[in-house]
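Values below: every heavy atom of this structure, side chains too, minus hydrogens, waters and symmetry copies. Sequence lines set the chain letters: A, B, ... in the order given, protein chains first and strands last, and positions in each chain run from 1.
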Protein chains: 2
Amino acid sequence: MLSVIEILADCRLFTAVPAKSFQRLAAMARLAKFRKGQMIFRENEDCPGVYVVGKGMVRVFKTGAGGKEHVLHIVEAGGTFAEVAALGGFKVPASAEAVEATLCALLPQPLFRKALEEDHPLCLGMLSGLSLWVKHLVGLLEDVVLRDAAGRIANYLLDARRTADGAVALPSLKRYVASHLNLTSETFSRTFRRLIDAGLISIGKKNHVLIVAPERLRSVAQGILPKV
Amino acid sequence: MLSVIEILADCRLFTAVPAKSFQRLAAMARLAKFRKGQMIFRENEDCPGVYVVGKGMVRVFKTGAGGKEHVLHIVEAGGTFAEVAALGGFKVPASAEAVEATLCALLPQPLFRKALEEDHPLCLGMLSGLSLWVKHLVGLLEDVVLRDAAGRIANYLLDARRTADGAVALPSLKRYVASHLNLTSETFSRTFRRLIDAGLISIGKKNHVLIVAPERLRSVAQGILPKV
DNA sequence: CGCTTAATTGAACGCGATCAAACTATGTGG
DNA sequence: CCACATAGTTTGATCGCGTTCAATTAAGCG
């Protein structure tokens, strides 16, 4: 099983944090384990601290009127969530649920804040980490607002992390991807098929997607629809 | 005319910054003046630094395929923009334009970064400032994704800063508000009228909007449509 | 005033949502 | 091992909100 040190070491948000500060973080961290489908916290609860995912997958989502959900973020190993609420000291603005069996390191809110107040390099590291997160959010907004369904899927595929063989591995459930892109699974499925039929991508084993024509896919992401 | 000190003192982002750090910021700042309609910077340019608005109004927007624009933020006196790019050290992710004659204080990027590296309280203050900005962005996302046109307008009015007499002053051009809410000005106009006809709000002089029925408006923001 | 730019109103269209049904995959117990 | 159950995906048909196109009215500003 992973230790807190291994989990934190693999976390992007802390890459800029020097060794000494890192040890302090490792010392305060405790492990948190979640079953598949388990809720980690709900919107408007007090923030327990910063969660760092070591293994598994977490979806962070907002719930709107009539129970409609929107996935803000799908967090995998190396990612963090609830950092913003922990930093700002407010209630968590969204809910989090373990999509698979998940292991996290939790940096408890009060200790973490104390560390920030005393540790300047840590503070700096968090600042650049946060600014990356803002960049990501602006990208998300851009997606929802300026792109159509095909454009969003194309952009998602181009931005996604690739496996060793250059394919994109979709999260276990496509519906979560769809929600992340603010699409219904129906529209996602249909549009996905259009991209396959147009020869821009192809589907392999186990939800692995091959990008056949990257340039054409890129033009789709910029708003040029593929013919037929 | 406003001095840099007056501008910075009135800025929310720096409220948590102690006096000593504040003076350092004031010392590095220079004034930047923009005519109505003048571009301040364009997407993907190098970040000049942190802009603090002292007077006037700036719209920060993204441009998508086909020239479609989306207003990320309307910045008035006391607000800042380009902070994120300045912190993270990357290119500005959006364009900025002075909507009216505008006076800003500019904290030049290299000096500002240096100050951050040396000044821990400043760093802390910026962290909580940034986390507020993230909160705002998540709110925007929530808006676009989970609310319909009426809900977005209602929510916007409820969240907006009030004048002394409790009214909401819309930015000079309604189209910018519309774009901010990801609506066309046509839809904005129509939906606005529906809210007036339903007796939830009323229009005063000079783009001032009175909120007549706050509770009912709040329920609209939560997705309950006003009858007829 | 007349000229320009913004806001409003009307009519028709289209993208993506919704409802519904068939199909597929993955288990589970007899 | 197969019948059945459960959950997810795909495909089809229809609907509605917001967009788009077009025309009119209102507002700024020389």
What integer distance in Å separates [X]:[atom1] from [N]:[atom2]?
X: A/L181; N: C/dC15; atom1: CG; atom2: P; result: 18 Å
X: B/R175; N: C/dT8; atom1: CZ; atom2: P; result: 13 Å
X: B/R193; N: C/dA6; atom1: CZ; atom2: C1'; result: 16 Å
X: B/L173; N: C/dT8; atom1: CG; atom2: P; result: 12 Å
X: A/R152; N: C/dC15; atom1: CZ; atom2: P; result: 13 Å
X: B/I196; N: C/dT9; atom1: CD1; atom2: P; result: 9 Å
X: B/I203; N: C/dA6; atom1: CD1; atom2: C1'; result: 14 Å
X: B/N207; N: D/dA26; atom1: CG; atom2: C1'; result: 13 Å

Which nucleotide in the set [options] lies at the smallest distance from any side-chain heavy atom of [X]?
X: A/K174; options: D/dT9, C/dG16, D/dT19; answer: D/dT9
X: B/A149; options: C/dA6, D/dA22, D/dG18; answer: D/dG18
X: B/E186; options: D/dT20, D/dC29, C/dA7; answer: D/dT20
X: B/K36; options: C/dA6, D/dC29, C/dA17; answer: D/dC29
X: B/R190; options: C/dT8, D/dG18, C/dA11; answer: C/dA11

| Any idea how B/H136 and B/H73 line up, ring-wise: parallel (<30°), tilted (30 to 60°), or perpendicular (>60°)? |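 Tilted: the ring planes of B/H136 and B/H73 meet at 30° to 60°.
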
Practice task
Give the ring-plane orientation class for A/F41 versus A/F81, where under 30° counts as parallel, over 60° as perpendicular and anything between as tilted.
Solution key: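 Rings of A/F41 and A/F81: tilted, 30 to 60°.
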
Check: Do A/D148 and A/R152 sit within salt-bridge range, that is, some charged N less than 4.0 Å from a carboxylate O?
Finding: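 No, A/D148 and A/R152 are not salt-bridged.
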
Original post:
Through what angle, rounded to 10 degrees, does the axis of the helix from C/dC1-D/dG30 to C/dG30-D/dC1 turn between its ends, using five pairs per end?
Top reply: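 Between the axes fitted at each end of the helix from C/dC1-D/dG30 to C/dG30-D/dC1 lies an angle of 30°.
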
message = Would B/K135 and A/F90 count as a cation-pi pair here, with the cationic atom under 6.0 angstrom from the ring centre and within 45° of the axis?
response =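 That pair qualifies as a cation-pi contact.
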
